[in-house]
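In what follows, every heavy atom counts, from backbone to side chain, and hydrogens, waters and symmetry copies are set aside.
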Amino acid sequence: MIQFRNLTLARGARELVAGASLQIHAGWRVGLTGANGSGKSSLFALLRGELAPERGDCDIPAAWRIASVSQDTPALDIPAIECVLDGDTELRAIEGALAEAETAHAGERIAELHTRMQDIGGWSARARAAALLSGLGFADADFTRPVREFSGGWRMRLNLAQALVSRADLLLLDEPTNHLDLDAVVWLEQWLSAYCGTLLVVSHDRDFLDGCVTHIAHIQSAKLALYTGNYSAFEDARAAQLAAQQANFEKQARVIAHMESFVARFRAKATKAKQAQSRLKALARMERIAAAHVDAPFDFHFPQPERSPDTLLALDRVAVQYGERRVLDNVELVLRPGARIGLLGPNGAGKSTLIKLLAGELRPATGRRSEGRGLAIGYFAQHQLEQLRPGESPLQHLLREEPQTREQELRDYLGGFDFRGAMADSPVGPFSGGEKSRLALALLVRRRPNLLLLDEPTNHLDLEMRQALTAALAEYEGSLVLVSHDRALLRTVCDDFLRVWDGRVEAFDGTAEDYIAWLATHRAAQAAAGGGALTQDKAARREARESAAAERQQKLAARRPLLKETGVLEKNLAQWQQEKQKIDARLADPAFYANPDPARLRELTMRQQQLAQDIDAAEQRWLDAQAELEALGEP
């Protein structure tokens, strides 16, 4: 086991962890959490032997093999799968020793090495490496491609696969999901949940942590505390602790009030709709975890955008290509006010390409992109961080855009993003990735866009900032299109989803969880189809999988119009009920009859009756549609 005894860890004059005493037993999977800069990476450096404690002890079994993800991958000429296998140093050592023994015709030595190779599963190592690459999103053809041909993000995936193949006793993963899409994140979560060694993982994805850890080690105010259970259990425990602090009650009430106002946007009599239910469940969860984040340093909101055109943006039979390769083809998409769309699909399918196309950064190869009059786009992507001016401070960035605004007002605004005091006046160049992301978001929010285009906005953001961003986007009154591997964010802020797949952009009727289920079915069908009919039993299983996939698609097709219809009914019901409440209040107001207007009274009375009829009819049709959906069953 790992044992900390009165451990104090420091960087320069700053204490990161002070007086920590705890044990991490073999086989535990521990999520290491805390704000950016709290000391998580330094703790990893300590465990790797790269940093010595200021005081106290850190004991790790001497025989343990420790693996972590390298942050640098040179442009090697070796194939990707060989690069991954290099992560198993013992395997490579045995292979080298075998080559020497065979050259020397040392029979006894060869036998010993073959036995050891069998013990470590070396004969199946290549198959394991191929499975890792496949799970992380590499195509079969990529296995033999030279490492130098891959981009930086894909090389980071190779580094991750190297660490996973290592058979380490202690695996240290620092933000392993940052360069992954949703598909790969889910695969990695499942792989780690079955990991037999000891795992320490830093992640700001609460769903990922919930799925793969057994404990949480949290750093706050230089204190390291260990909690049993996954991240949700930690939030419950922390919420209970903070609830005892009277000073936090007021801020917590404000956070919950924001959440309740968001719920009110979707609450109508038709509260059993699947979409409404999932949103309300997400919000109930947000209220539950709010107490665990009430002392967060972030407090910002998207201001109400300017009036939006009836059609914000339209793509008409659009195709996009890079060189000779067509990435998207025949895309038809109309964005109207109130649209809240999440994009689903694997890396390389074209999600970021679609976002760039919507933002106007890419021109269609064919087809037409048209903007509505008054469209104001707020576009966020990781490459935009490079456009920040390194020598200027956050305050100077804002002053460039708003030279007439009072400096104190801008300082107050930056404080909501935790750029306070000297931080607001410091050059941006040395900022961390998370700090630069926060500044880019602050600049974007300030422009009051009516259409947000967000491509992985939570990369490099810690859990507290993710929570604040999720709450702000939940209340945002404009429209948005979002690419994210953060399921909590997708679940809370998106009403509809588009699947970007095989060059197509198509509606996906369901939630992010439904997409994950669909993906599992699709992968099973692909695996069954690719394996061939080696036996009748295998052929039968493949046919069953394909039949299940086909049945699911049929159900999705049958449910699609009903889900669309219930969505329209819910929207209409919310509007009609709001209008009827206003008319009811008007007709119940004695002041209305002080100066009688018979024509106006007749008009309101007739409208009141019409609305009552429309509401009754819509509610009945909604109930009928729900019955039809229940009869069809879940896909």
Novice: Just wondering, do Val500 and Leu328 contact through their side chains at under 4.5 Å, heavy atoms?
Specialist: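 The answer is yes, as the side chains (C-beta and beyond) meet within the 4.5 Å cut-off.
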
Novice: Using every non-hydrogen atom in the two residues, find where Val186 and Ile516 come nearest and quote the distance to one decimal.
Specialist: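 Closest heavy-atom pair between Val186 and Ile516: CG2-CD1, 3.5 Å.
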
Novice: Determine, using ring centers only, whether Phe508 and Phe497 are less than 6.0 Å apart.
Specialist: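 Between Phe508 and Phe497, which both carry aromatic rings, the centre distance is not below 6.0 Å.
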
Novice: Mind checking whether Phe150 and Phe138 have parallel, tilted or perpendicular rings, split at 30° and 60°?
Specialist: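 If you compare the ring of Phe150 with that of Phe138, the planes turn out perpendicular.
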
Novice: Please test Glu189 against Arg487 for side-chain contact (heavy atoms from CB on, under 4.5 Å), starting from the C-alpha separation and ending with a verdict.
Specialist: CA-CA 12 Å; Glu189 175 187 311; Arg487 282 161 284 174; 2.5 Å; yes

Novice: Could you check if a side-chain atom of Phe380 sits within less than 4.5 angstrom of a side-chain atom of Ser437, using non-hydrogen atoms only?
Specialist: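 Counting from C-beta outward, Phe380 and Ser437 do come under 4.5 Å.
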
Novice: For Thr33 and Leu209: C-alpha separation, side-chain torsions, deciding distance, then whether side-chain contact (heavy atoms from CB on, under 4.5 Å) applies.
Specialist: CA-CA 10 Å; Thr33 64; Leu209 290 174; 4.1 Å; yes

Novice: Between the main-chain N or O of Pro303 and the side-chain N or O of Arg448, is there a donor-acceptor pair closer than 3.5 Å?
Specialist: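 Absent.
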
Novice: Work out which heavy atom in Arg438 is nearest to a heavy atom in Leu461; give both atom names and the distance.
Specialist: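 Between these two residues, the closest heavy atoms are CG-CD2, 4.0 Å.
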
Novice: Within the 3.5 Å criterion, strictly below it, is a donor on Asp455 or Tyr379 matched to an acceptor on the partner's side chain?
Specialist: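 No.
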
Novice: Nearest 0.5 angstrom please: Asp616 CG to Leu611 CG, how far?
Specialist: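 Between atom CG of Asp616 and atom CG of Leu611 there are 11.0 Å.
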
Novice: Does NZ or CZ of Arg145 lie under 6.0 Å from the centre of the six-membered ring of Trp154, at an angle within 45° of the ring axis?
Specialist: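 Judged by the rule (NZ or CZ under 6.0 Å from the ring centre, within 45° of its axis), Arg145 is not positioned above Trp154.
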
Novice: Keeping the roles fixed (side chain from Ser479, backbone from Gly338), state whether a donor-acceptor pair exists under 3.5 Å.
Specialist: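 Here the side-chain-to-backbone pair exists.
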
Novice: Give, for atom CH2 of Trp576 and atom CD of Gln610, the distance between the pair rounded to the nearest 0.5 Å.
Specialist: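 With rounding to 0.5 Å, CH2 (Trp576) is 9.0 Å from CD (Gln610).
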
Novice: List the atom of Leu441, the atom of Pro457, and the distance in Å for their closest heavy-atom pair.
Specialist: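 Nearest pair, atom of Leu441 first, then Pro457: CD1-O, 4.3 Å.
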
Novice: List the residues meeting salt bridge (charged side-chain N to carboxylate O under 4.0 Å, His left out) with Glu371, not counting sequence neighbours, and say none if there are none.
Specialist: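 Applying salt bridge (charged side-chain N to carboxylate O under 4.0 Å, His left out) to Glu371 gives Arg369.
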
Novice: So for atom CD, which belongs to Gln304, do other residues, nucleotides or ligands contribute more than 12 heavy atoms lying within a distance under 6.0 Å?
Specialist: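 Counting neighbours around CD of Gln304, 12 or fewer heavy atoms of other residues, nucleotides or ligands fall under 6.0 Å, so no.
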
Novice: So, Asn459 side chain and Asn178 main chain: donor-acceptor pair closer than 3.5 Å or not?
Specialist: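 Yes.
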
Novice: One pair to check against side-chain contact (heavy atoms from CB on, under 4.5 Å): Thr458 and His204. What are the steps and the verdict?
Specialist: CA-CA 9 Å; Thr458 60; His204 300 309; over 6 Å; no

Novice: Which heavy atom of Leu569 sits nearest to which heavy atom of Ala618, and what is that distance?
Specialist: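 Here Leu569 and Ala618 meet closest at CD2-CB, 3.9 Å.
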
Novice: In terms of side-chain geometry, is the basic nitrogen of Arg504 or Glu332 positioned less than 4.0 Å from the acidic oxygen of its partner?
Specialist: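 So Arg504 does not pair with Glu332 through a salt bridge.
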
Novice: Answer yes or no: is there a donor N or O on one side and an acceptor on the other, between the side chain of Arg340 and the main chain of Val493, under 3.5 Å?
Specialist: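 The answer is yes, because a donor-acceptor pair under 3.5 Å joins these two groups.
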
Novice: Which is it for Phe302 and Glu475 under the side-chain contact (heavy atoms from CB on, under 4.5 Å) test, yes or no, and what are the steps along the way?
Specialist: CA-CA 8 Å; Phe302 284 86; Glu475 295 179 308; over 6 Å; no

Novice: Hey, does Lys356 have a side-chain heavy atom less than 4.5 Å from the side chain of Leu453?
Specialist: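 Answer no - side chains too far apart.
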
Novice: To the nearest 0.5 Å, how far apart are CG in Leu454 and CG in Leu489?
Specialist: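 Taking CG in Leu454 and CG in Leu489, the distance rounds to 8.0 Å.
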
Novice: Under 3.5 Å, is there a donor-acceptor pair between the side chain of Gln162 and the main chain of Cys83?
Specialist: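 Yes, Gln162 side chain to Cys83 backbone: donor-acceptor pair under 3.5 Å.
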
Novice: Please report the shortest heavy-atom distance between Ala161 and Leu136, naming the atom on each side.
Specialist: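 In this case the closest contact between Ala161 and Leu136 is CB-CD1, 3.8 Å.
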
Novice: Write down the atom of Pro449, the atom of Pro305, and the distance for their closest heavy-atom approach.
Specialist: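 Looking at all heavy atoms of both residues, the shortest contact is O-CB, 3.2 Å.
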
Novice: Do the side chain of Arg206 and the main chain of Ala488 share a donor and acceptor less than 3.5 angstrom apart?
Specialist: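 Absent.
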
Novice: Can you check whether Leu439 reaches Phe417 side chain to side chain, under 4.5 Å on heavy atoms?
Specialist: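 SC-SC contact between Leu439 and Phe417 ruled out.
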
Novice: For Lys436, what residues pass the salt bridge (charged side-chain N to carboxylate O under 4.0 Å, His left out) criterion, not counting sequence neighbours?
Specialist: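 None.
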
Novice: So, does Arg157 use its side chain to make a donor-acceptor pair with the main chain of His179 at under 3.5 Å?
Specialist: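 Here the side-chain-to-backbone pair exists.
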
Novice: Is the backbone of Leu344 close enough, under 3.5 Å, to the side chain of Lys351 for a donor and an acceptor to pair up by distance?
Specialist: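 Not confirmed, Lys351 side chain does not pair with Leu344 backbone.
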
Novice: Just wondering, do Leu358 and Leu333 contact through their side chains at under 4.5 Å, heavy atoms?
Specialist: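 Answer yes - side chains close enough.
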
Novice: Taking atom CG of Asn450 and atom CG of Leu335, what is their separation to the nearest 0.5 Å?
Specialist: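 Between atom CG of Asn450 and atom CG of Leu335 there are 11.0 Å.
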
Novice: Are Cys212 and Leu188 side-chain neighbours, meaning at least one heavy-atom pair lies under 4.5 Å?
Specialist: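 Contact flag for Cys212/Leu188 side chains = no.
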
Novice: Hey, what do you get for CG (Leu313) to OG (Ser370), rounding to the nearest 0.5 Å?
Specialist: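 Nearest 0.5 Å value for the CG-OG distance: 7.0 Å.
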
Novice: Side chains of Thr366 and Asn330, heavy atoms from C-beta outward: is any pair under 4.5 Å?
Specialist: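 No, every pair of side-chain atoms sits at 4.5 Å or beyond.
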
Novice: Just by distance, do the side chain of Asn159 and the backbone of Met156 share a donor-acceptor pair under 3.5 Å?
Specialist: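 The answer is no, because no donor-acceptor pair under 3.5 Å joins these two groups.
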
Novice: How far does CG of Leu357 sit from CG of Leu362, to the nearest 0.5 angstrom?
Specialist: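 It is 6.5 Å, given to the nearest 0.5 Å.
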
Novice: For Arg317, does the CZ atom sit with more than 12 other heavy atoms under 6.0 Å from it, leaving out its own atoms?
Specialist: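 No, not enclosed.
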
Novice: Does one side chain, of Thr311 or Arg336, offer a donor that lies under 3.5 Å from an acceptor on the other?
Specialist: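 Yes, a side-chain donor-acceptor pair sits under 3.5 Å.
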
Novice: Phe208: what forms a ring-ring contact (aromatic ring centres under 6.0 Å, His included) with it, not counting sequence neighbours?
Specialist: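 Phe208 satisfies ring-ring contact (aromatic ring centres under 6.0 Å, His included) with no residue once adjacent residues are dropped.
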
Novice: When you measure from the side chain of Ser134 to the backbone N and O of Ala131, does any donor-acceptor pair fall under 3.5 Å?
Specialist: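 It does not hold such a pair.
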
Novice: Does the side chain of Arg491 reach to within under 4.5 Å of the side chain of Asp207, using non-hydrogen atoms?
Specialist: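 Side chain of Arg491 against side chain of Asp207, heavy atoms only: contact under 4.5 Å found.
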
Novice: Do Ser203 and Tyr231 have a side chain donor and acceptor closer than 3.5 Å?
Specialist: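 There is no such pair (donor and acceptor under 3.5 Å, judged by atom type) between the side chains of Ser203 and Tyr231.
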
